[in-house]
Amino acid sequence: MPSPSSPWSPWSPSSPSSPSSPSSPSSRSVVAGVDGSAESLAAAEWAAAEARRRALPLRIVHIGQDRAPSLVRPPMTGAAPASAGAVLTRRRPGRVPREVAERLRRAAPGLDVAVEQGPGRPARALLRSAQDAEVLVLGSRGLGAVGGLLAGSVSLPVIAHAPCPVVVVRARAAAWPPPGPAGDVPGAAGDAVPGGGEVVLGLDLARPSDALVGYAFDAAASRGAALRVVHGWSAGAGHGGSGSASAAPGPGGGPSRPGTPPLTGVLRPWRDMYAEVPVAEQCVVGSPGEHLAEAARGASLLVVGRRVRHAALGAHIGPVAHAVLRHCAAPVAVVPHA
(Lines give C-alpha, C1' and ligand atoms only; values in the text may rest on other atoms or scores of the structure.)
Protein backbone atom coordinates (compact mmCIF):
# COMPACT_ATOMS: atom_id res chain seq x y z
CA MET A 1 0.00 0.00 0.00
CA PRO A 2 1.30 3.48 -0.80
CA SER A 3 1.59 6.14 1.84
CA PRO A 4 -1.36 8.59 2.00
CA SER A 5 1.03 11.50 2.54
CA SER A 6 1.49 12.07 -1.20
CA PRO A 7 -0.60 11.63 -4.38
CA TRP A 8 -0.44 8.03 -5.49
CA SER A 9 0.32 6.76 -8.95
CA PRO A 10 0.66 3.03 -9.59
CA TRP A 11 3.11 3.74 -12.43
CA SER A 12 5.68 5.64 -10.34
CA PRO A 13 9.04 3.88 -9.78
CA SER A 14 8.31 3.64 -6.03
CA SER A 15 5.18 1.55 -6.48
CA PRO A 16 5.86 -2.16 -5.84
CA SER A 17 2.78 -3.23 -7.83
CA SER A 18 3.62 -1.23 -10.95
CA PRO A 19 3.95 -3.43 -14.05
CA SER A 20 6.79 -1.26 -15.25
CA SER A 21 8.61 1.90 -14.25
CA PRO A 22 9.93 3.42 -17.48
CA SER A 23 10.33 7.00 -16.30
CA SER A 24 10.09 9.37 -13.37
CA PRO A 25 6.70 10.92 -12.53
CA SER A 26 7.91 14.39 -13.56
CA SER A 27 8.46 13.23 -17.17
CA ARG A 28 5.10 11.54 -17.61
CA SER A 29 2.20 12.77 -19.74
CA VAL A 30 -1.28 11.95 -20.96
CA VAL A 31 -1.12 10.57 -24.51
CA ALA A 32 -3.95 10.53 -27.08
CA GLY A 33 -3.74 8.54 -30.31
CA VAL A 34 -5.29 10.44 -33.22
CA ASP A 35 -5.95 9.16 -36.74
CA GLY A 36 -8.40 11.84 -37.90
CA SER A 37 -11.58 9.88 -37.12
CA ALA A 38 -14.36 11.38 -35.03
CA GLU A 39 -13.77 8.77 -32.35
CA SER A 40 -10.10 9.68 -32.05
CA LEU A 41 -11.03 13.37 -31.78
CA ALA A 42 -13.34 12.48 -28.89
CA ALA A 43 -10.38 10.67 -27.33
CA ALA A 44 -8.26 13.82 -27.67
CA GLU A 45 -10.93 15.86 -25.88
CA TRP A 46 -11.14 13.32 -23.06
CA ALA A 47 -7.34 13.23 -22.80
CA ALA A 48 -7.18 17.02 -22.55
CA ALA A 49 -9.64 16.98 -19.65
CA GLU A 50 -7.64 14.21 -17.98
CA ALA A 51 -4.38 16.13 -18.43
CA ARG A 52 -5.96 19.13 -16.72
CA ARG A 53 -7.22 16.98 -13.86
CA ARG A 54 -3.76 15.47 -13.36
CA ALA A 55 -1.80 18.68 -14.07
CA LEU A 56 0.21 16.83 -16.72
CA PRO A 57 1.20 17.72 -20.30
CA LEU A 58 -0.80 16.28 -23.20
CA ARG A 59 0.77 14.59 -26.20
CA ILE A 60 -1.21 14.11 -29.40
CA VAL A 61 0.29 11.18 -31.31
CA HIS A 62 -0.75 11.00 -34.96
CA ILE A 63 -0.95 7.47 -36.33
CA GLY A 64 -1.86 6.24 -39.80
CA GLN A 65 -3.62 8.37 -42.39
CA ASP A 66 -6.15 11.09 -41.71
CA ARG A 67 -9.67 9.71 -42.15
CA ALA A 68 -11.86 12.69 -41.15
CA PRO A 69 -9.45 15.45 -41.92
CA SER A 70 -11.18 18.76 -41.24
CA LEU A 71 -11.79 20.33 -37.86
CA VAL A 72 -13.55 23.30 -39.48
CA ARG A 73 -17.32 23.15 -39.31
CA PRO A 74 -19.17 23.66 -42.59
CA PRO A 75 -21.36 26.77 -42.99
CA MET A 76 -24.54 26.67 -40.99
CA THR A 77 -27.35 25.64 -43.31
CA GLY A 78 -29.93 24.51 -40.80
CA ALA A 79 -28.94 20.89 -41.25
CA ALA A 80 -28.51 18.61 -38.28
CA PRO A 81 -24.98 18.12 -36.87
CA ALA A 82 -22.82 15.58 -38.62
CA SER A 83 -22.81 12.09 -37.22
CA ALA A 84 -19.91 10.82 -35.15
CA GLY A 85 -18.28 9.14 -38.14
CA ALA A 86 -18.93 11.85 -40.73
CA VAL A 87 -16.13 13.09 -42.98
CA LEU A 88 -16.27 16.84 -43.42
CA THR A 89 -13.53 17.96 -45.83
CA ARG A 90 -10.22 16.51 -46.97
CA ARG A 91 -6.88 17.74 -45.69
CA ARG A 92 -3.29 16.75 -46.21
CA PRO A 93 -1.89 14.02 -43.93
CA GLY A 94 -0.58 15.45 -40.65
CA ARG A 95 -2.90 18.46 -40.63
CA VAL A 96 -5.47 16.98 -38.25
CA PRO A 97 -3.24 16.50 -35.16
CA ARG A 98 -1.98 20.09 -35.45
CA GLU A 99 -5.53 21.38 -35.68
CA VAL A 100 -6.57 19.23 -32.71
CA ALA A 101 -3.69 20.66 -30.67
CA GLU A 102 -4.50 24.24 -31.69
CA ARG A 103 -8.15 23.81 -30.78
CA LEU A 104 -7.27 22.37 -27.36
CA ARG A 105 -4.76 25.14 -26.65
CA ARG A 106 -7.38 27.79 -27.47
CA ALA A 107 -9.98 26.05 -25.34
CA ALA A 108 -7.64 25.56 -22.37
CA PRO A 109 -4.99 28.27 -22.12
CA GLY A 110 -2.05 26.97 -20.16
CA LEU A 111 -2.53 23.35 -21.19
CA ASP A 112 0.81 22.02 -22.42
CA VAL A 113 0.01 20.28 -25.73
CA ALA A 114 2.63 18.66 -27.97
CA VAL A 115 2.16 16.88 -31.29
CA GLU A 116 4.24 14.02 -32.60
CA GLN A 117 4.03 11.76 -35.60
CA GLY A 118 3.99 8.06 -34.86
CA PRO A 119 6.42 6.55 -37.40
CA GLY A 120 6.01 2.95 -38.45
CA ARG A 121 3.13 0.66 -37.66
CA PRO A 122 0.38 2.36 -35.58
CA ALA A 123 0.36 -0.22 -32.77
CA ARG A 124 4.13 -0.04 -32.34
CA ALA A 125 4.07 3.77 -32.42
CA LEU A 126 1.41 3.88 -29.71
CA LEU A 127 3.28 1.38 -27.56
CA ARG A 128 6.44 3.48 -27.84
CA SER A 129 4.50 6.55 -26.73
CA ALA A 130 2.95 4.60 -23.86
CA GLN A 131 6.34 3.88 -22.28
CA ASP A 132 6.39 7.26 -20.53
CA ALA A 133 2.63 7.88 -20.39
CA GLU A 134 0.53 8.17 -17.26
CA VAL A 135 -2.43 7.07 -19.37
CA LEU A 136 -2.96 6.36 -23.08
CA VAL A 137 -6.33 7.38 -24.59
CA LEU A 138 -7.82 5.86 -27.75
CA GLY A 139 -11.12 6.31 -29.55
CA SER A 140 -13.72 3.68 -30.37
CA ARG A 141 -16.59 3.74 -32.83
CA GLY A 142 -19.99 2.31 -31.90
CA LEU A 143 -21.56 -0.09 -29.47
CA GLY A 144 -21.29 -3.73 -30.40
CA ALA A 145 -18.73 -3.03 -33.13
CA VAL A 146 -14.96 -3.11 -32.96
CA GLY A 147 -14.06 -0.12 -35.09
CA GLY A 148 -12.06 3.08 -35.23
CA LEU A 149 -8.88 2.78 -33.20
CA LEU A 150 -10.35 -0.32 -31.59
CA ALA A 151 -9.69 -2.30 -34.74
CA GLY A 152 -8.07 -5.54 -33.68
CA SER A 153 -4.87 -4.86 -35.63
CA VAL A 154 -4.22 -1.64 -33.68
CA SER A 155 -5.93 -1.13 -30.36
CA LEU A 156 -6.21 -4.67 -29.03
CA PRO A 157 -2.42 -5.27 -29.17
CA VAL A 158 -1.89 -1.82 -27.63
CA ILE A 159 -4.29 -2.51 -24.77
CA ALA A 160 -2.75 -5.96 -24.28
CA HIS A 161 0.85 -4.74 -24.05
CA ALA A 162 0.81 -1.10 -22.87
CA PRO A 163 2.62 -0.63 -19.55
CA CYS A 164 0.11 2.05 -18.47
CA PRO A 165 -3.69 2.22 -18.28
CA VAL A 166 -5.43 2.55 -21.65
CA VAL A 167 -8.73 4.47 -21.77
CA VAL A 168 -11.09 3.80 -24.68
CA VAL A 169 -13.57 6.60 -25.43
CA ARG A 170 -16.69 6.48 -27.60
CA ALA A 171 -17.30 9.13 -30.24
CA ARG A 172 -20.17 11.53 -29.65
CA ALA A 173 -22.90 12.07 -32.22
CA ALA A 174 -21.80 15.61 -33.01
CA ALA A 175 -19.54 17.46 -35.42
CA TRP A 176 -16.09 18.69 -34.45
CA PRO A 177 -15.52 21.08 -32.82
CA PRO A 178 -18.43 20.81 -30.42
CA PRO A 179 -19.87 24.11 -29.17
CA GLY A 180 -18.63 25.36 -25.84
CA PRO A 181 -17.63 28.58 -24.10
CA ALA A 182 -14.11 29.84 -24.58
CA GLY A 183 -11.72 28.45 -22.02
CA ASP A 184 -13.55 25.14 -21.64
CA VAL A 185 -12.11 21.90 -22.91
CA PRO A 186 -15.07 19.76 -23.99
CA GLY A 187 -15.42 17.14 -21.30
CA ALA A 188 -13.35 19.06 -18.74
CA ALA A 189 -16.18 18.83 -16.24
CA GLY A 190 -17.03 15.26 -17.23
CA ASP A 191 -16.07 13.29 -20.30
CA ALA A 192 -16.23 13.20 -24.07
CA VAL A 193 -19.35 11.09 -23.99
CA PRO A 194 -22.64 11.68 -22.22
CA GLY A 195 -22.50 11.00 -18.51
CA GLY A 196 -20.61 12.74 -15.72
CA GLY A 197 -21.58 10.32 -12.96
CA GLU A 198 -19.83 7.90 -10.70
CA VAL A 199 -16.73 5.83 -11.41
CA VAL A 200 -17.40 2.08 -11.60
CA LEU A 201 -14.73 -0.49 -10.74
CA GLY A 202 -14.96 -4.16 -11.72
CA LEU A 203 -12.97 -6.12 -9.14
CA ASP A 204 -12.07 -9.81 -8.94
CA LEU A 205 -11.74 -10.56 -5.22
CA ALA A 206 -9.74 -13.69 -6.01
CA ARG A 207 -6.93 -11.45 -7.31
CA PRO A 208 -7.39 -7.89 -5.96
CA SER A 209 -4.74 -5.51 -7.28
CA ASP A 210 -3.41 -2.30 -5.71
CA ALA A 211 -2.79 -0.87 -9.18
CA LEU A 212 -6.41 -1.43 -10.21
CA VAL A 213 -8.09 -0.31 -6.98
CA GLY A 214 -5.79 2.67 -6.60
CA TYR A 215 -6.47 3.87 -10.14
CA ALA A 216 -10.22 3.72 -9.56
CA PHE A 217 -10.10 5.60 -6.25
CA ASP A 218 -7.79 8.23 -7.75
CA ALA A 219 -10.10 8.65 -10.76
CA ALA A 220 -13.11 9.14 -8.50
CA ALA A 221 -11.27 11.62 -6.27
CA SER A 222 -10.02 13.70 -9.20
CA ARG A 223 -13.58 13.96 -10.55
CA GLY A 224 -15.27 14.58 -7.21
CA ALA A 225 -17.32 11.47 -7.98
CA ALA A 226 -18.58 8.48 -6.05
CA LEU A 227 -17.05 5.04 -6.64
CA ARG A 228 -19.14 1.91 -7.21
CA VAL A 229 -17.23 -1.35 -6.78
CA VAL A 230 -18.82 -4.32 -8.54
CA HIS A 231 -17.66 -7.85 -7.74
CA GLY A 232 -19.12 -11.32 -8.13
CA TRP A 233 -18.77 -14.67 -9.81
CA SER A 234 -20.23 -16.82 -12.55
CA ALA A 235 -23.11 -19.06 -11.56
CA GLY A 236 -21.06 -22.20 -12.23
CA ALA A 237 -18.11 -21.08 -10.11
CA GLY A 238 -19.03 -22.76 -6.86
CA HIS A 239 -22.57 -21.35 -6.56
CA GLY A 240 -25.87 -22.35 -8.00
CA GLY A 241 -28.38 -20.05 -9.61
CA SER A 242 -29.03 -18.46 -12.94
CA GLY A 243 -26.06 -17.13 -14.87
CA SER A 244 -27.91 -13.88 -15.56
CA ALA A 245 -29.22 -13.32 -12.04
CA SER A 246 -27.98 -10.44 -9.94
CA ALA A 247 -27.53 -10.81 -6.21
CA ALA A 248 -28.90 -7.95 -4.19
CA PRO A 249 -26.04 -6.22 -2.36
CA GLY A 250 -26.24 -6.63 1.35
CA PRO A 251 -24.04 -5.35 4.17
CA GLY A 252 -20.48 -5.15 2.92
CA GLY A 253 -21.60 -5.43 -0.70
CA GLY A 254 -23.26 -8.84 -0.49
CA PRO A 255 -21.75 -12.33 -0.27
CA SER A 256 -18.26 -13.03 -1.53
CA ARG A 257 -17.13 -15.95 -3.65
CA PRO A 258 -16.04 -18.82 -1.37
CA GLY A 259 -12.35 -18.64 -0.57
CA THR A 260 -11.98 -14.92 -1.37
CA PRO A 261 -11.47 -12.04 1.07
CA PRO A 262 -14.50 -9.87 1.89
CA LEU A 263 -14.75 -6.74 -0.23
CA THR A 264 -14.99 -4.47 2.79
CA GLY A 265 -11.59 -5.65 4.01
CA VAL A 266 -9.98 -5.20 0.59
CA LEU A 267 -11.26 -1.64 0.30
CA ARG A 268 -10.69 -0.51 3.91
CA PRO A 269 -7.17 0.98 3.47
CA TRP A 270 -8.23 2.75 0.27
CA ARG A 271 -11.35 4.17 1.90
CA ASP A 272 -9.12 5.50 4.69
CA MET A 273 -6.77 7.10 2.18
CA TYR A 274 -9.59 8.57 0.06
CA ALA A 275 -12.02 9.44 2.82
CA GLU A 276 -13.69 12.06 0.62
CA VAL A 277 -14.79 9.43 -1.96
CA PRO A 278 -18.24 7.90 -1.32
CA VAL A 279 -18.09 4.15 -1.99
CA ALA A 280 -20.92 1.77 -2.87
CA GLU A 281 -20.34 -1.99 -2.95
CA GLN A 282 -22.35 -4.24 -5.27
CA CYS A 283 -22.25 -8.01 -5.59
CA VAL A 284 -23.51 -9.70 -8.77
CA VAL A 285 -23.85 -13.25 -10.06
CA GLY A 286 -23.57 -14.04 -13.76
CA SER A 287 -21.70 -12.57 -16.70
CA PRO A 288 -19.29 -9.92 -15.35
CA GLY A 289 -19.11 -8.03 -18.64
CA GLU A 290 -22.87 -7.65 -18.89
CA HIS A 291 -23.23 -6.55 -15.27
CA LEU A 292 -20.41 -4.03 -15.56
CA ALA A 293 -21.79 -2.52 -18.77
CA GLU A 294 -25.16 -2.17 -17.05
CA ALA A 295 -23.65 -0.70 -13.86
CA ALA A 296 -21.69 1.83 -15.93
CA ARG A 297 -24.76 3.35 -17.62
CA GLY A 298 -24.38 7.09 -17.05
CA ALA A 299 -20.97 6.61 -15.38
CA SER A 300 -18.05 8.90 -16.08
CA LEU A 301 -15.61 5.98 -16.21
CA LEU A 302 -15.56 2.19 -15.97
CA VAL A 303 -12.31 0.69 -14.65
CA VAL A 304 -11.35 -2.94 -15.30
CA GLY A 305 -8.07 -4.81 -15.11
CA ARG A 306 -6.01 -7.10 -17.26
CA ARG A 307 -3.26 -9.36 -16.08
CA VAL A 308 0.21 -8.54 -17.42
CA ARG A 309 1.39 -11.15 -19.91
CA HIS A 310 5.02 -11.36 -20.93
CA ALA A 311 4.45 -13.10 -24.27
CA ALA A 312 5.59 -10.96 -27.19
CA LEU A 313 2.74 -12.11 -29.42
CA GLY A 314 -1.01 -12.03 -29.08
CA ALA A 315 -3.61 -9.53 -27.98
CA HIS A 316 -5.09 -11.21 -24.92
CA ILE A 317 -6.86 -8.72 -22.66
CA GLY A 318 -9.22 -11.11 -20.89
CA PRO A 319 -12.92 -11.83 -21.49
CA VAL A 320 -14.26 -9.17 -19.11
CA ALA A 321 -12.20 -6.32 -20.59
CA HIS A 322 -13.06 -7.48 -24.10
CA ALA A 323 -16.79 -7.62 -23.31
CA VAL A 324 -17.01 -4.15 -21.77
CA LEU A 325 -14.97 -2.61 -24.58
CA ARG A 326 -17.56 -3.90 -27.01
CA HIS A 327 -20.70 -3.04 -25.09
CA CYS A 328 -20.08 -0.24 -22.59
CA ALA A 329 -21.08 3.31 -23.58
CA ALA A 330 -18.94 4.98 -20.90
CA PRO A 331 -15.19 5.47 -21.26
CA VAL A 332 -13.38 2.29 -20.22
CA ALA A 333 -9.98 2.26 -18.48
CA VAL A 334 -8.08 -1.02 -18.80
CA VAL A 335 -5.43 -1.17 -16.08
CA PRO A 336 -2.54 -3.64 -16.30
CA HIS A 337 -1.63 -5.44 -13.09
CA ALA A 338 0.46 -8.36 -11.92
Report yes if the side chains of Val115 and His62 come closer than 4.5 Å at any heavy-atom pair, otherwise no.
-> no
Side chain of Ser300, backbone of Gly197: donor and acceptor closer than 3.5 Å?
-> yes
State, to 0.1 Å, how close Val266 and Pro208 come at their nearest heavy-atom pair, and which atoms those are.
-> CG1-CB, 3.9 Å
Does the side chain of Leu301 reach to within under 4.5 Å of the side chain of Tyr215, using non-hydrogen atoms?
-> yes
Main-chain N/O of Ala160 paired with Arg306 side-chain donor or acceptor, under 3.5 Å = yes
Cys283 SG to His231 NE2 distance, which is reported to the nearest 0.5 Å = 4.5 Å
Looking at CZ of Arg228 and CG of Leu292, how far apart are the two atoms once the value is rounded to the nearest 0.5 Å?
-> 11.5 Å
Identify the two heavy atoms, one from Leu302 and one from Cys328, that lie closest to each other, and give their separation to 0.1 Å.
-> CD2-SG, 3.8 Å
Can you name the nearest heavy-atom pair linking Gly36 to Ser40, along with the distance?
-> N-OG, 3.4 Å
Residue pair Ala220 / Leu227: nearest heavy atoms and the distance that separates them = CB-CB, 4.1 Å
Quick one: does Val96's side chain get under 4.5 Å of Leu41's, heavy atoms only?
-> yes
Check ion pair Arg105-Glu102 (N to O, under 4.0 angstrom) | no
To the nearest 0.5 Å, what is the distance between CG (Leu136) and SG (Cys164)?
-> 5.5 Å
Residues forming a salt bridge (Lys or Arg N to Asp or Glu O under 4.0 Å) with Glu294, sequence neighbours excluded = Arg297
Side-chain contact test, heavy atoms from C-beta onward, threshold under 4.5 Å: evaluate it for Leu126 versus Val166 and give yes or no.
-> no
Side-chain (Arg223) to main-chain (Arg53) donor-acceptor, under 3.5 angstrom | no
Nearest-0.5 Å distance, CD of residue Glu50 to CG of residue Leu58 | 10.5 Å
With a 4.0 Å cut-off, would you call Arg59 and Asp132 a salt bridge?
-> yes
Taken to the nearest 0.5 Å, the spacing of Leu138 CG from Leu325 CG works out to 10.0 Å
Decide yes or no for Pro278 and Glu198: does some side-chain heavy atom of the first lie under 4.5 Å from some side-chain heavy atom of the second?
-> no
Salt bridge flag under 4.0 Å for residues Arg271 and Glu281 | yes
In short, Ala225 meets Val277 closest at the heavy-atom pair O-CG1, 3.8 Å
Please tell me if the side chains of His291 and Gln282 come closer than 4.5 Å, counting only heavy atoms from C-beta onward.
-> no
Side-chain heavy-atom pair Val279, Tyr274 within 4.5 angstrom cut-off = no
Heavy atoms only: give me the nearest Pro97-Ile60 pair and the separation to one decimal.
-> CB-CG2, 4.1 Å
Please round to the nearest 0.5 Å and tell me the distance separating atom CG of Asp218 and atom CZ of Arg54.
-> 5.0 Å
Side chain proximity check, Ser140 to Glu39, heavy atoms < 4.5 angstrom | no
